[in-house]
Chemist: 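Structure below; questions to follow.
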Amino acid sequence: MNEFCAEKGFAGWFETSTKENIGINEAATFLVNKILETEQSVSSSADDQKSPDEDTSCCAFPKAKLLNIDVDK
């Protein structure tokens, strides 16, 4: 299974059973940590690519474009 995950680019795998409460906490913790690592990596990547005077949101899009929504319609 480890070889399959490596070949497919999967972060990992866990044997789990909700019925027997096996591996659930470990799998959830691993997943959350990978999400946070990816978020930090993407965030720092976006910060490296923007110019110092560019005002951006969390998604690296200019805030003005994100906020240009008429909610009264």
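Keep in mind it's a predicted model, so treat the numbers as computed, not measured. The analysis underlying the following values was restricted to heavy atoms, covering all of them including side chains, and did not include hydrogens, waters or symmetry mates.
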Chemist: Determine yes or no for a side-chain-to-main-chain donor-acceptor pair under 3.5 angstrom, with Thr38 supplying the side chain and Lys34 the backbone.
Modeler: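 Yes: the side chain of Thr38 pairs with the backbone of Lys34.
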Chemist: Which heavy atom of Gly23 sits nearest to which heavy atom of Thr16, and what is that distance?
Modeler: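 So the minimum-distance heavy-atom pair works out to O-CG2, 3.6 Å.
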Chemist: Rounded to the nearest 0.5 Å, how far apart are CD1 of Ile35 and CZ of Phe30?
Modeler: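 Reported value, rounded in 0.5 Å steps: 10.5 Å.
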Chemist: Going from CG on Asn25 to CZ on Phe14, what distance comes out if it is rounded to the nearest 0.5 angstrom?
Modeler: 11.0 Å
Chemist: Tell me which donor-acceptor pairs under 3.5 Å the side chains of residues 2-12 have, and how far apart each pair is, sequence neighbours excluded?
Modeler:
unit_1 : atom_1 : unit_2 : atom_2 : d
Asn2   : OD1    : Trp13  : NE1    : 2.7

